[in-house]
Amino acid sequence: MHFCLIDLQRDFFEEISNDDETHRLTGNNGCASEKLYQLCDATVVPEYRDLVRRFLDVPTLAERLKNEEYISTEYRMCDGSWHSLRFVAKKRDEAGNVTHVLCTVRCRAV
């Protein structure tokens, strides 16, 4: 399982924990949008990439989580495994807008 914290206002992520393969692909912090798209393009099968890229759109996450505690999607990886990706609202500002999310990725048992 892979966990990272994303600051939506700064478009910045910090890894909390990960497996070795994911760590090699993303590093341990940086621009969330860039790294998430790079990871998607390198590991997700072509027929799911558009769906995953739309789901990873950092600028729209706050709005998509406005009335939700989390959102999730599932997709197939290039190695044939299925993964589940979830964004969880971690912190909100005084107006209730999401400012930070926890991103989790886990391999789904088939």
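In this chain, residues are counted from 1 in sequence order.
- Taken to the nearest 0.5 Å, the CD atom of Gln38 stands 9.0 Å off from the SG atom of Cys31.
- Residues passing the ring-ring contact (aromatic ring centres under 6.0 Å, His included) test with Tyr37: none are found, sequence neighbours excluded.
- Residues Asn97 and Leu8 have side chains not in contact (no heavy-atom distance under 4.5 Å, counting atoms from C-beta outward).
- Taking each heavy atom of Phe13 and Cys4 in turn, the nearest pair found is CD1-CB, 4.3 Å.
- For residues 69-78, the pairs satisfying salt bridge (charged side-chain N to carboxylate O under 4.0 Å, His left out) are Glu47-Arg76, Glu69-Arg92, Glu74-Arg108, with sequence neighbours left out.
- The CH2 atom of Trp82 sits 11.5 Å away from the SG atom of Cys107 when rounded to the nearest 0.5 Å.
- Using a 4.5 Å cut-off on side-chain heavy atoms (C-beta onward), Leu61 and Ile71 make contact.
- For Thr43 (side chain) and Leu39 (main-chain N/O), a donor-acceptor pair under 3.5 Å exists by modelled atom type.
- A salt bridge (charged side-chain N to carboxylate O under 4.0 Å, His left out) check over residues 3-13, counting only residues at least two apart or in different chains, returns the pairs Asp7-Arg10.
- With a 4.5 Å cut-off on side-chain heavy atoms, Met77 and Val44 count as touching.
- For the salt bridge (charged side-chain N to carboxylate O under 4.0 Å, His left out) condition, the pairs that include at least one residue of residues 52-67, sequence neighbours left out, are Asp41-Arg53.
- The salt bridge (charged side-chain N to carboxylate O under 4.0 Å, His left out) contacts involving residues 80-90 comprise nothing, where partners must be two or more places apart or lie in separate chains.
- What you find for Ser33 and Pro59 is that their closest heavy atoms are OG-CD, 4.3 Å.
- Under the ring-ring contact (aromatic ring centres under 6.0 Å, His included) criterion, Phe55 pairs with Phe87, sequence neighbours left out.
- Taking each heavy atom of Ala32 and Ile6 in turn, the nearest pair found is CB-CG2, 3.8 Å.
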